[in-house]
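All remarks here apply to the structure that follows.
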Amino acid sequence: MNRPTTPRLLAGLCTAAVLAACALPAQAGKTLDAIKARGQLVCGVNTGLAGFAAADSQGNWSGLDVDYCKALAASLLGDAGKIKYVPLNAQQRFTALQSGEIDVLSRNTTWTLTRDASLGLNFVGVTYYDGQGFMVPAKTRIKSARQLKGATVCVQSGTTTEKNLTDFARTHKLAIKPVVFEKLEAVNGAYFSGRCQAYTTDASGLASIRNKEAKDPAEHVILADLISKEPLGPVVRRGDDEFFAIAKWVLFALVEAEEYGLTQGNIDQQKTRTDDPAIGRITGATEDTGKLLGLDKEWAVRAIKAVGNYGEVFERNVGPNTPLKLPRGLNNLWSKGGLQYAPPVR
């Protein structure tokens with residue numbers, strides 16, 4: 001005799017159906033299809049910011065933002081070299097992504113509510129926790145940003161930096177006079193020629209600019225004051241959830257790799273490890289997490305092999321042993337007092 005279906009039974013059947021659906025392999029999104037068809041990832045980067053994205057005389061790109069693109073290309077295409085780099089200034093970057101000229105923007109870009117909610121874009125995560133600072137000539141003996149009352153300050157237009165400067169000056173009644181330029185090169189030239197009494201942008205950017213552009217970096221001081229939060233990270237177009245998921249998890253895998261001691265040098269040996277469930281999932285040795293992203297089981301292995309874990313990427317490009325000499329600080333792992341924390345690969 002047939003019995004009526006109870007609410008509890010219905011709930012159980014629905015749960016089972018949902019779990020079954022979740023276990024199915026992901027379908028490739030349109031962005032991934034386009035990348036595979038052309039055999040190349042198109043990555044929007046800075047026109048030239050040492051430590052983050054800069055090309056040498058042979059046209060070889062390097063930097064923290066560049067390494068993210070390399071990891072993504074390795075995961076998607078099996079080759080970190082299959083990338084077309086598109087240098088973009090601050091005004092061009094979002095339009096290039098919105099129009100489909102690039103697949104991903106990895107260009108020291110601050111995650112804000114306005115950008116997240118109104119541009120049709122999705123921020124992937126945070127590759128560098130930063131804050132806006134000021135650089136001044138050492139001979140001025142200025143020690144604090146609050147000593148800049150009435151000063152001329154060089155700043156680039158089309159950035160969060162410009163608005164932050166205005167807010168800071170108004171809040172502290174400093175009557176700062178912004179000297180605004182569209183191109184980074186113009187801002188650099190104006191400051192180092194003495195047209196401005198100070199230069200403001202992300203503190204990491206100031207370190208890069210001082211190292212690259214100053215005749216003597218010791219003649220310029222980056223003040224300790226930070227006047228904003230600047231979480232910098234890659235961006236993708238909204239409307240392709242499959243590619244958004246891949247872009248996020250490639251970044252998360254690099255952070256998790258550091259947490260579990262997986263490096264560019266040992267990842268091949270670690271692929272056979274099955275004694276640690278977390279490592280087994282990241283390497284694909286015990287679980288195939290790739291099928292949930294529309295990739296194969298070694299998607300994370302290729303990313304790590306291409307650029308190393310997040311700590312290696314940081315140390316190689318901007319860390320204490322590079323010309324920028326930036327400390328890990330907030331960009332250390334959560335377990336070491338920093339903010340870098342990735343959802344688990346499981």
Side-chain angles (χ1 to χ4, degrees), residues 31 34-35 38 40-55 59 61-73 83-132 154-165 178 180-188 199-206 208-209 212 228-240 243-244 246-248 250-251 313 317-318:
T31 306
I35 292 167
R38 82 168 81 95
Q40 191 178 54
L41 174 71
V42 183
C43 182
V45 293
N46 200 299
T47 53
L49 187 65
F52 289 85
W61 286 86
S62 64
L64 188 145
D65 289 337
V66 168
D67 275 355
Y68 170 74
C69 291
K70 290 180 178 178
L72 186 57
I83 304 174
K84 176 184 177 182
Y85 295 102
V86 179
L88 300 165
N89 65 31
Q91 290 73 28
Q92 297 167 330
R93 54 184 164 174
F94 298 122
T95 303
L97 185 56
Q98 291 163 337
S99 67
E101 180 185 350
I102 59 176
D103 301 312
V104 60
L105 177 68
S106 186
R107 187 204 175 280
N108 57 297
T109 298
T110 302
W111 189 348
T112 69
L113 183 151
T114 301
R115 291 172 173 178
D116 193 48
S118 67
L119 298 180
L121 307 174
N122 278 320
F123 279 81
V124 168
V126 179
T127 50
Y128 191 93
Y129 288 96
D130 209 345
Q132 184 172 329
C154 282
V155 62
Q156 188 179 15
S157 63
T159 63
T160 57
T161 310
E162 187 179 5
K163 180 173 175 55
N164 291 339
L165 177 63
V180 182
F181 299 91
E182 179 179 330
K183 294 186 177 180
L184 183 64
E185 295 79 8
V187 190
N188 295 343
Y199 189 146
T200 187
T201 189
D202 298 341
S204 62
L206 291 174
S208 175
I209 291 161
K212 182 181 178 184
S228 70
K229 294 181 292 184
E230 305 293 328
L232 311 178
V235 194
V236 297
R237 278 183 300 283
R238 196 172 289 180
D240 189 335
F243 188 64
F244 181 34
I246 293 170
K248 284 188 295 185
V250 167
L251 174 57
V313 171
N317 293 297
V318 300

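The closest side-chain heavy-atom distance from Ile246 to Leu72 is below 4.5 Å. No side-chain heavy atom of Leu165 sits under 4.5 Å from any side-chain heavy atom of Thr161. Between Glu101 and Val42 the shortest side-chain heavy-atom distance does not fall below 4.5 Å. Within the 4.5 Å cutoff, the side chain of Phe94 has heavy atoms near those of the Arg115 side chain.
Considering every non-hydrogen atom in both Gly44 and Leu88, the closest pair reads CA-CD1, 3.9 Å. Listed here is the closest heavy atom pair of Ile83 and Cys43: CG2-CB, 3.9 Å. Summarising the geometry of Val236 relative to Ala247, their closest heavy-atom pair is CG1-CB, 4.0 Å, with the distance given to 0.1 Å. Annotation for Ser157 and Val180: closest pair CB-CG1, 3.4 Å, computed over non-hydrogen atoms. Closest approach of Asp130 and Gly205 over heavy atoms only: OD2-N, 4.5 Å. Residues Trp61 and Thr47 approach most closely at CH2-O, 4.3 Å, considering heavy atoms.
No donor-acceptor pair under 3.5 Å is formed between the side chain of Asp202 and the backbone N or O of Ser204. With hydrogens and angles ignored, the 3.5 Å screen pairs no side-chain donor or acceptor of Arg237 with any backbone N or O of Gly120.
Leu41 CG to Ile102 CD1: the interatomic distance, rounded to the nearest 0.5 Å, is 9.5 Å. Remark: Tyr85 OH to Asp65 CG distance equals 10.5 Å, nearest 0.5 Å. Thr201 OG1 to Leu184 CG: the interatomic distance, rounded to the nearest 0.5 Å, is 7.5 Å. For the atom pair Leu105 CG and Thr95 OG1, the distance stands at 10.5 Å (nearest 0.5 Å). Put simply, OG on Ser208 and CG on Asn188 are 9.0 Å apart, with the number rounded to the nearest 0.5 Å. The CG atom of Asn122 lies 10.0 Å from the CG atom of Asp240; values are rounded to the nearest 0.5 Å.
The side-chain hydrogen bond (donor to acceptor under 3.5 Å, both in side chains) search around Glu182 returns none, not counting sequence neighbours.
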Evaluation steps, side-chain contact (heavy atoms from CB on, under 4.5 Å), between Val104 and Tyr68: CA-CA 10 Å; Val104 60; Tyr68 170 74; 4.1 Å; yes

query: What do the steps show when you test Lys70 against Asp67 for side-chain contact (heavy atoms from CB on, under 4.5 Å), and what is the final call?
result: CA-CA 5 Å; Lys70 290 180 178 178; Asp67 275 355; 3.7 Å; yes

task: Using the side-chain hydrogen bond (donor to acceptor under 3.5 Å, both in side chains) rule, take Gln132 and Thr200 through it: C-alpha gap first, then chi angles, then the decisive distance, then the call.
output: CA-CA 7 Å; Gln132 184 172 329; Thr200 187; 2.9 Å; yes

message: Phe52 vs Thr127, test: side-chain contact (heavy atoms from CB on, under 4.5 Å). Steps then yes/no.
response: CA-CA 10 Å; Phe52 289 85; Thr127 50; over 6 Å; no

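Within the structure, the side chain to side chain donor-acceptor pair (under 3.5 Å) test picks out the following pairs touching residues 103-114 (sequence neighbours left out): Arg38-Asp103, Asn46-Asn108, Arg93-Thr109, Thr110-Glu230.
Remark: Lys248 is positioned above the aromatic ring of Phe244, its terminal NZ or CZ atom under 6.0 angstrom from the ring centre and at most 45 degrees off the axis.
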